[in-house]
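This report refers to the structure that appears directly beneath it.
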Amino acid sequence: MKSISKLFVSSPHTRTGLTTNQVMRTVCYACIPGIAAQTYFFGWGVIVQALLCIIVALTAEAIILSLREKPVRATLADGSAMLTGLLIALSIPPLAPWWISVIGVSFAIIIVKQLYGGLGFNLFNPAMAGYVVLLISFPVAMTNWLPVQQVMTYDISFLDCVSSIFTGFTLDGYSVTQLRIAVDGITMATPLDHFKTQIDLGLTASEITASPIYGDYGGTGWEWVNLGYLIGGLLLLKQGVIRWHIPFAIIASLFTFSLISYSITPDLSLPPMISLFSGATMFAAFFIATDPISASTTIRGRLIYGAIIGALIFMIREWGGYPDGVAFAVLLTNLAVPLIDYYTKPAVYGHKAKV
Amino acid sequence: MYVLLFALGALIALTVVFGAILGFASVKFKVKADPLVEQIDNLLPQTQCGQCGYPGCKPYAEAIANGDDINKCPPGGESTIKQLADLMGVDAKPLDSAHGQEDVKKVAFIREDECIGCTKCIQACPVDAIMGASKVMHTVIIDECTGCDLCVEPCPVDCIDMVPLTDTNWKWDALAISVKNIN
Amino acid sequence: MHSELSLIEQVKSGKLWDIPGGIHPPERKSLSNSTKIDIIPLSPFYYVPIKQHIGNEGKLLVKVGEQVLTGQPLTDAIEGLSLPVHAPTSGVIKDITPHVSAHPSGKPEITIVIESDHKDTVFTTKPIKNWQTSEAASLTKHIQSMGVAGLGGAAFPTYVKTNPTKDIKLLIINGVECEPYITADDVLMRYFANEITQGINILQHMVQPELVVIAIEDNKPEAIEAIKLAVKDQDTIEVRVIPTKYPSGGEKQLIEIVTGQEVPSKSIPADIGIVMQNIGTCFAIKEAVIDGKALIHRVVTVTGESISRPQNLWVKLGTPISDLLTHCGLVAEQDQRLIMGGPMMGFNIMDTMMPVVKSTNCILAPSEYNLPSFGVEQACIRCSLCSDACPVNLLPQQMLWYSKAKDHEKLEEYNLADCIECGVCSYVCPSQIPLVQYYRSSKVEIKQEKEDKIKSDKAKERFETRQLRLERDKQARLLKHKESADKRKKALEKDGNAKDKIAAALARAKAKKASTGETAPISADAQTTNTQDKVAAAIARAKAKKQAQADSETTATVSSESQDSEVGSAEAVEAKSAEQIKKDKIAATVARAKAKKLKQAAENKEQGESN
Ligand code: SF4
Ligand code: SF4
Ligand code: SF4
Ligand code: SF4
């Protein structure tokens, strides 16, 4: 009546409860505080984009899987496609037109993930690769971040967002560019963007950060968003889904470099706290760079990996052409991962110098 | 003009310096490699069965060195093809089924009471793995037999069987176990 | 580096080191450790595999039908690593036959089947009462003849470890028992602490270590209490309580925990002056030396949620597992799994007729609910949970990759050989990848590859020697042919010069005759080309044939009478008739073979048609 019909026979005969599906799902749940903050400050567009991107991601994955004759349902259930979609949605401007999301997500899933062999085989972080392709191809649409709702001239409703994403105009007929005109009549940019342009115009850091788009210790609104992701990230840490090494290394390295730079040239550099709580810093540190597949796997390797990302973020923000460098930093460091892993192999038991 | 000359000069100087370094290194750190045929031959399974279409592994090794396909050796199977591909810097391809299939390791076994001592198998064996003299019973030295199959055909009384090697290492393969019902 | 002195000093200081990684699976030990060790009633049949240890099996001493007594040796240790096995009870040897073995593959192994006479009459015991004054060498021999093997799981012959070639500083007694569910050592320590201590004292006498450390995990307070009490007067024995963590009980891991040192790869603990013995082994040593009893029983934990009376039992080696399950009341669930050993390193029981052997510490019948099994394997997401948990600091995810790619060179570079197969990586993997399964197959493949390499090198050498020989033979044959041809030519020329032209024809004929006589036995056809005269050729052929026949007859005679130098004519005739008989036999065999081939062909055809 009972028979052993296991395909493999080796011990162990049991395992922990944690599964890959749960890992992916937990990461998605941990985004919730960040999403909430982002929605509060940037409107319903965030939610609409998230839904749109997830649907596109799942569809793209399903199509490719069936083309590759792989099990569709089981693989979709692993949640990795959903996560990639969500991460892209959270990276792009909330009111970006729908085709931006479709292109970005499809590229991430089809090219970066599946063409490299599917889950576990991709060299690059799919979400960031998708984002970078969008950033390079459609720089204007991709930097069209609205100012936080609280300093905006117009109130936009949920339907406004839907309409704007799919038609380019709100229900009242405003384009995104018009929406970006703030109370004081000048076009608003993200804090990092703004800082970069203003520095180039010759203003000092303290003059720039006096603008209403900066809050107490980050960009207005942005600081809360970053705080949201920080909380989510700490939850992930607690759940054992991610390890502390990468986020810690990124934050420490970015903070150190900012601090050094700020103490040498306080007029030209972003204050360290603004560095940490603006842009996608926390999001990257806890949700992007910790993507296990494209990150380093050894403990020392993870510290190095994080430190390089932190340094690159700083350099790109400080000297590069783009206001935020998270995506580039992650992708560049992905390239170095095999090398980092190879040279940080831990000393295996019994291979230390002979006693 | 002066700048151009300077640049040219610098380039030439660099070329000379690096060329010298490279030349020195290639002499100094020369790895003494076996001739290619030797290296290939070392990867072949040495079953000497001729399934590749050559009278033994060495001749096939020579043929590969001269550009023949690397997927003709069934006894070596996939792992040999992969190693050959690495060595030759070409892509591994599946075994050419025209030459046979990869099979479990076997050795020849002579049913000794039926053997008439005709020595035909001795002549066929490429590795001298069969002992015996004219008119006396022959036997296979299991340790020496490569399982090449060549002795089976010549035997006039069909007393040679190829038996799977029983003492192969079990590869933790559940399918290799006869699963029984418990309770 | 630590000096020798500081090793002992450091250990004495009581400092503990930590091993990397490790896990804390649910222990579930309380299921089975609350009762005393019971004795299972005699079984009707016992199945004693003649090989129950690492090394060679012994030489059989008994025959089918023989009467044996409890503890009587059934085999005798041979040269090299070898141990005898003993009759677990008195009775008759029913059979000596391959029987399902206590091995993950269940591959049948030669097993002695004993039908119990239910009297359990004891064979003479040979206690060594004065072991304190006996020489270590004779004790070692005794321990070997009593069949004592490591009872912790690997069943390594104990006599080898009690006879170290190196100077031993530290003896570690392993009472860690870190596998979930198993409590065999736990209860043994609780109820037999004094006997264990006696065993340790014998070991001390034999190995002469400076210090003995008994390591016990802190989840066994009763055992710690009992052992502490038993050794309280002995200041060379220390009890070390270590934190509970799997796999602290691994030999190398425990050495690291207790001493902070690593056993270098491909070395054994004795190389750094350490020997480790299991608790159960100490007890078996005591029984072998002080009571003179061979190793024929051991404590086995029968446990799991599907067992109605989980407990520890004294089980005679050779008892079929089905008897244990019946005794303890197995209530099987759907697809009940049965495991010999613990959930982390044990193996599936393929057949409940599998016997208990020296290394069997546990029979586990878990429920799926409490011990969830593996689901469908998913892709590795490189989450590094495995490498963070590996106690040996390996990178399981990389080894998985290369294991799948069958890249054995890379596997060796990533030190697959140092994997202790503890199962921690598979346990934590969220993608449910049976990593250890991959490593085990790869290890076997690598071993196989090395063996194949040795074999193929040999084959290559033999092939080349043969080619050389064939070439040499060919050259020799050619040379011979050439020589004889030259001779003929010379003879022709000489004759031609000496005689006149009229005699030439005659000479030619003569020469022909000469050459025919010479070469006929070798090849009848060879000279026909030289012959112009067709008639002469035909004669020559006939002659050659006759000659050849005569030749073969002489050889036949010689070969059949090779021992006898004086070949009588009568005997020759006899030989000839014998030859005739043999020829008939050959003809018959050929005919048989042909018939077989025909039949096969016909069958094939039939099959082809029916398909
Ligand atoms: S097919 Fe046979 S003879 Fe040819 S290389 Fe392979 S083993 Fe050697
Ligand atoms: S005995 Fe037969 S199968 Fe074995 S090597 Fe010789 S010819 Fe080949
Ligand atoms: S635990 Fe499993 S999924 Fe994670 S890295 Fe290791 S093998 Fe891959
Ligand atoms: S089974 Fe091997 S690789 Fe896995 S955790 Fe244990 S020692 Fe490490």
Side-chain angles (χ1 to χ4, degrees), chain A residues 1-24 70-71 74-75 77-78 80 117-122 240-243 245 290-299 301-302 337-338 341-342 344-355, chain C residues 1-2 20 23 25 104 252 256 261-267 272 332 334-337 339 341 343-348 350 366 371-376 378-385 387-388 391-395 397-398 414-415 418 421 423 426-432 434 436-437 440:
Chain A
M1 65 177 174
K2 327 269 172 193
S3 64
I4 299 163
S5 56
K6 294 277 146 73
L7 260 176
F8 61 89
V9 285
S10 165
S11 57
H13 300 278
T14 187
R15 50 181 312 282
T16 43
L18 190 69
T19 63
T20 298
N21 306 2
Q22 283 167 355
V23 169
M24 297 291 172
K70 301 253 162 146
T75 316
D78 72 19
S80 58
L119 182 63
F121 294 90
N122 42 300
V241 171
I242 58 172
R243 256 53 52 76
H245 311 86
T290 51
D291 161 46
I293 298 162
S294 51
S296 173
T297 57
T298 64
I299 291 189
R302 280 181 231 150
V337 162
D341 276 357
Y342 188 83
T344 53
K345 273 188 283 182
V348 172
Y349 182 102
H351 288 265
K352 287 191 189 144
K354 301 242 166 183
V355 185
Chain C
M1 295 292 105
H2 314 282
I23 48 171
K252 292 179 168 176
E256 188 175 359
Q261 298 206 355
E262 290 183 1
V263 182
S265 183
K266 302 192 180 69
S267 306
I272 55 169
Q334 181 78 39
D335 288 329
Q336 176 67 52
R337 287 174 297 161
I339 296 162
M344 297 304 295
M345 293 188 76
F347 55 86
N348 282 325
M350 295 293 152
L371 206 66
S373 56
F374 279 65
V376 182
Q378 287 171 293
C380 166
I381 52 168
R382 293 171 53 83
C383 64
S384 312
L385 286 170
S387 51
D388 287 355
V392 190
N393 264 341
L394 293 166
L395 293 174
Q397 68 276 59
Q398 306 288 39
Y414 277 91
N415 298 310
D418 290 297
E421 300 174 12
S426 309
Y427 180 82
V428 298
C429 175
S431 287
Q432 320 203 33
V436 181
Q437 167 86 22
R440 283 184 163 149

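Any value given below was found using the heavy atoms of this structure, including those in side chains, with hydrogens, waters and symmetry copies removed. Note that the structure is predicted; figures quoted are calculated from it, not measured.
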Next on the checklist: For the interface with chain A, which of C/P343, C/P20, C/A379 has the highest count of heavy-atom pairs at distances below 4.5 Å?
Outcome noted: C/P343
Next on the checklist: Using side-chain contact (heavy atoms from CB on, under 4.5 Å), reason through A/N21 and C/Q378 one step at a time and then give a plain yes or no.
Outcome noted: CA-CA 10 Å; A/N21 306 2; C/Q378 287 171 293; 2.9 Å; yes
Checklist entry - For the side chain of A/T20 and the backbone of C/P430, is there at least one donor-acceptor N/O pair under 3.5 Å apart? => result yes
Checklist outcome for this item: Bottom line for C/L385: the part with an atom under 4.5 Å from chain A's heavy atoms is both
Checklist entry - Most heavy-atom pairs under 4.5 angstrom with chain A, which of C/I23, C/L371, C/I381? => result C/I381
Next on the checklist: Under 4.5 Å from any heavy atom of chain A, what part of C/S431 do you find: side chain, backbone, both or neither?
Outcome noted: both
Checklist entry - Between the main-chain N or O of A/H351 and the side-chain N or O of C/S265, is there a donor-acceptor pair closer than 3.5 Å? => result no
Item to check | Between A/R243, A/K345, A/Q22, the one whose heavy-atom pairs under 4.5 Å with chain C are most numerous | outcome: A/R243
Next on the checklist: For the backbone of C/V263 and the side chain of A/Y349, can you confirm whether one donor and one acceptor N or O come within less than 3.5 Å of each other?
Outcome noted: yes
Item to check | Pairs of heavy atoms under 4.5 Å with chain A: top-ranked of C/I339, C/L394, C/V428 | outcome: C/I339
Item to check | Heavy-atom proximity to chain C below 4.5 Å, by part of A/V23 | outcome: side chain
Next on the checklist: Set out, in order, the CA-CA distance, both residues' side-chain angles and the distance that settles side-chain contact (heavy atoms from CB on, under 4.5 Å) for A/S11 and C/Q437, then state yes or no.
Outcome noted: CA-CA 7 Å; A/S11 57; C/Q437 167 86 22; over 6 Å; no
Item to check | Residue, of C/V376, C/L395, C/V392, that accumulates the most heavy atom pairs under 4.5 Å with chain A | outcome: C/V392
Next on the checklist: Quick one, A/D341 with C/R382, criterion side-chain contact (heavy atoms from CB on, under 4.5 Å). Give me CA distance, side-chain angles, the key distance, then yes/no.
Outcome noted: CA-CA 12 Å; A/D341 276 357; C/R382 293 171 53 83; 3.1 Å; yes
Item to check | Toward chain C, the part of A/I299 with a non-hydrogen atom under 4.5 Å | outcome: side chain
Item to check | Main-chain N/O of C/S373 paired to A/T14 side chain as donor or acceptor, under 3.5 Å | outcome: no
Checklist entry - Is it the backbone or the side chain of C/C383 that comes under 4.5 Å from a heavy atom of chain A, or both, or neither? => result both
Item to check | chain C contacts, top residue of A/D78, A/D291, A/V348, A/L18 (heavy-atom pairs, under 4.5 Å) | outcome: A/V348
Checklist entry - Can you tell me how far the SG atom of C/C429 sits from the CZ atom of A/R15, to the nearest 0.5 Å? => result 7.0 Å
Next on the checklist: Please give me the minimum heavy-atom distance between A/P12 and C/Y427, naming the atom from each residue.
Outcome noted: CG-N, 4.2 Å
Item to check | Whether C/N393 side chain and A/A347 backbone form a donor-acceptor pair below 3.5 Å | outcome: yes
